[in-house]
2 protein chains.
Amino acid sequence: MTETLKEYLKHYDATEYPSVLVTVDTVLLTYHEDAIKVLLVKRASHPDIDHWGLPGGFLDQSKDKSLEDAANRNIEAKTNIRPPYLEQIQTVGSGNRDPRGWSMSVIFSALVPIAACKANVDSVEEARWFDMDEARKLKLAFDHKQAIEAAFERHKQKALYSFIPVYALTQPMTLTELRRVHELLIGKTIQRKSFIRRAEASDMFTDTGKTTQDKGRPAALYKVKSAVKDYRFVRNIEA
Amino acid sequence: MTETLKEYLKHYDATEYPSVLVTVDTVLLTYHEDAIKVLLVKRASHPDIDHWGLPGGFLDQSKDKSLEDAANRNIEAKTNIRPPYLEQIQTVGSGNRDPRGWSMSVIFSALVPIAACKANVDSVEEARWFDMDEARKLKLAFDHKQAIEAAFERHKQKALYSFIPVYALTQPMTLTELRRVHELLIGKTIQRKSFIRRAEASDMFTDTGKTTQDKGRPAALYKVKSAVKDYRFVRNIEA
DNA sequence: CTAATAGTGTCTATTAGACATTATTGT
DNA sequence: ACAATAATGTCTAATAGACACTATTAG
């Protein structure tokens, strides 16, 4: 006797199975004042109350059609913007990472221009941008420390063969600023000439014609050409 | 008034929240008879009953300490081996991918030597190795088609800058076989000389001293040196 | 002028691709 | 010997690193 899907669903009861706690958390990175910064939020509730942790929270089945939706919802709650770059990093789960039960977290990482969200972040009492150096010294909630490292490592790899890190900058930007972001991610200096050659080869940027005004020779200001997110170099920067 | 974690947990009831269905599924790949093969399982139950799909299933909180545990458990059930290479690919989730409710799947991908599990797979009625070409033509359960493509794409990228694909081979293996795996993943031929140069540079393989015996000149048989999983080339194969 | 920063010229080193050549087996 | 396959020799092209040099601003 074959049962139809309809009959099967009539008798199916999801609450029979022990539930899993599902959270979606995001490692939000930006560049400001010669440093890579990560957004942390002070937890207002148990567990790990009063510890700094990643912005995020439980999946909301009524609001979230997908995992990306959940990530964007939580990001917008803190920054009021939708990030120009969002990527899934990894999913962690275990029976003992949360005292409430078997818990998993889908970790995303986003790059945002700080100018677009600084005011909003400053207005949210419990959210703050930390220098990566500082963040690394803190005791964070759950396994969020490890999540930040995984996200950082991913962006480091991308810095070696792409210009994805540009999304951490406020446009228009100079190639020196962009190079600096790459240097901070990779952890070593990059030859100016090499970097400019790659920028030209990628054909990802347009010269706005404007320049910076500061001490020294003015720098050209560039914007990312629209619809170019994924240029990959065959040859990496040597890390 | 501050509530302690203990008090908080006393009143916390996980069943208050709508549960999410969590499955862990694995894209198992191997190399056999000049083709990349993927392991598919015929579903014995609703939904998508009788469709081919990925090996996997619901997270079992009593058996699985982590998501990797769940992946390994399901892989071992079909192949009777623990794969030499296992990697998390992505997690998908939405309210409408499964008629039973909001559902998510943590997708892993593993590479296995076919010799170690062929007999076991053959003994399991509902499991079969499919050529990638065949698998691409099938109508698969859930969004497993997309999961296979994501895994394949990941392995393709790795084939460009590493020798990770070696784990799809039964050792000892020849460099010609390994090159063929890379070619199938990348979708184009690779210069024999270039490939051998890279193999030498990686220092990942030891010559067993043995050779193949077939028509033509015998090929040297190699093994992977233990504890070398992550050599990365600065310069990619040009795809 | 000098200091500071942006941007270029040009050489070297590395390495992937191309492809001809040599080596080693079975029949 | 010939066919088949493995492995090497060697040239070229592409491109990242190094670093000296030039350019353009502020003061």
Side-chain angles (χ1 to χ4, degrees), chain A residues 33-34 156-163 169 172-183 185-222 231-239, chain B residues 33-34 156-163 169 172-183 185-222 231-239:
Chain A
E33 289 174 347
D34 204 43
K156 171 180 174 177
Q157 292 305 323
K158 300 233 180 217
L160 294 173
Y161 62 76
S162 80
F163 285 119
L169 286 173
M173 81 291 170
T174 68
L175 291 186
T176 299
E177 284 169 330
L178 180 53
R179 181 160 53 94
R180 191 66 191 128
V181 174
H182 281 245
E183 287 178 342
L185 287 169
I186 296 172
K188 58 160 279 205
T189 58
I190 300 169
Q191 287 283 331
R192 194 164 42 207
K193 187 61 193 280
S194 301
F195 198 79
I196 291 173
R197 274 190 299 230
R198 285 167 80 106
E200 277 165 6
S202 77
D203 196 34
M204 273 182 68
F205 311 112
T206 43
D207 191 328
T208 61
K210 300 202 169 113
T211 56
T212 54
Q213 204 167 348
D214 209 332
K215 54 184 175 170
R217 176 173 169 176
L221 286 163
Y222 295 87
Y231 190 90
R232 283 177 78 99
F233 291 92
V234 168
R235 195 165 156 186
N236 287 5
I237 291 174
E238 288 172 17
Chain B
E33 289 175 347
D34 204 42
K156 172 181 174 177
Q157 291 305 323
K158 300 232 184 225
L160 294 173
Y161 62 76
S162 80
F163 285 118
L169 286 172
M173 80 292 168
T174 68
L175 291 186
T176 299
E177 284 168 332
L178 181 52
R179 181 159 53 94
R180 190 67 192 127
V181 174
H182 281 246
E183 288 179 342
L185 287 169
I186 295 172
K188 58 160 281 202
T189 59
I190 300 169
Q191 287 283 330
R192 193 164 41 207
K193 187 62 194 279
S194 301
F195 198 78
I196 291 173
R197 274 190 300 228
R198 286 167 78 105
E200 278 165 5
S202 76
D203 196 36
M204 272 181 69
F205 311 112
T206 42
D207 191 330
T208 61
K210 302 202 169 111
T211 56
T212 53
Q213 203 168 349
D214 210 331
K215 53 182 176 173
R217 172 173 172 178
L221 286 163
Y222 295 87
Y231 190 91
R232 283 178 78 98
F233 290 93
V234 168
R235 195 164 157 184
N236 288 6
I237 292 173
E238 289 172 16

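From a predicted model like this one, the values you see are computed outputs, not experimental measurements. Computed from heavy atoms alone, side chains included, the values below leave out hydrogens, waters and symmetry copies. The chains referred to below are lettered A, B, ... by the order of the sequence lines, with proteins before strands, and numbering in each begins at 1.
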Exercise for the section: Under the side-chain hydrogen bond (donor to acceptor under 3.5 Å, both in side chains) rule, collect the residues that match up with A/Arg192, sequence neighbours excluded. Expected result: none

Completion exercise
Side-chain contact check for B/Thr176: nearest option of D/dA16, C/dG7, D/dA6 is D/dA6

Practice task
Write down the partner of D/dT12 under the Watson-Crick or G-U wobble criteria, each distance required to be under 3.5 Å.
Solution key: C/dA16

Fill in the blank from the handout: CZ of A/Arg232 to CG of B/Leu160, rounded to nearest 0.5 Å, is 7.5 Å

Problem - Integer-rounded Å distance: C/dG7 P and A/Leu178 CG - result: 12 Å

Handout entry: Backbone of A/Gly209 reached by a side-chain donor or acceptor of A/Asp207 within 3.5 Å
Key = yes

Problem - Atom pair distance, as rounded to whole Å: CZ in A/Phe205 and P in C/dG7 - result: 13 Å

Problem - B/Glu183 with B/Arg180: basic N within carboxylate O range, under 4.0 Å - result: yes

Problem - Nearest-angstrom distance from the residue atom CD1 of B/Ile196 to P of D/dT10 - result: 16 Å

Handout entry: Nearest-angstrom distance from the residue atom NZ of A/Lys210 to P of D/dT25
Key = 17 Å

Handout entry: Under the salt bridge (charged side-chain N to carboxylate O under 4.0 Å, His left out) test, residues paired with B/Asp214 that sit two or more places apart
Key = none

Fill in the blank from the handout: Here the distance between atom P of C/dT15 and atom OH of B/Tyr161, to the nearest Å, is 19 Å

Exercise for the section: Determine, stepwise, if the pair A/Leu221 / A/Thr174 fulfils side chain to side chain contact (heavy atoms under 4.5 Å, CB included). Expected result: CA-CA 5 Å; A/Leu221 286 163; A/Thr174 68; 3.8 Å; yes

Exercise for the section: Could you check how far CG of A/Leu175 sits from C1' of C/dT5, rounded to whole Å? Expected result: 14 Å

Handout entry: Sugar-phosphate only, base, or nothing, as touched by A/Ala220 at under 4.0 Å among non-hydrogen atoms
Key = sugar-phosphate

Practice task
Grab the CG-P distance between B/Asp207 and D/dT8 for me, whole Å please.
Solution key: 10 Å

Practice task
At under 4.0 Å between heavy atoms, which parts of nucleotides 17-27 of chain C does protein reach? Answer with one letter per nucleotide, 5' to 3': B base, S sugar-phosphate only, - none.
Solution key: BBB---BBBS-

Handout entry: Ring centre gap for B/Phe205 and B/Phe163 strictly below 6.0 Å
Key = yes

Completion exercise
Rounded to whole Å, CZ of B/Arg179 lies from C1' of D/dT5 at a distance of 10 Å

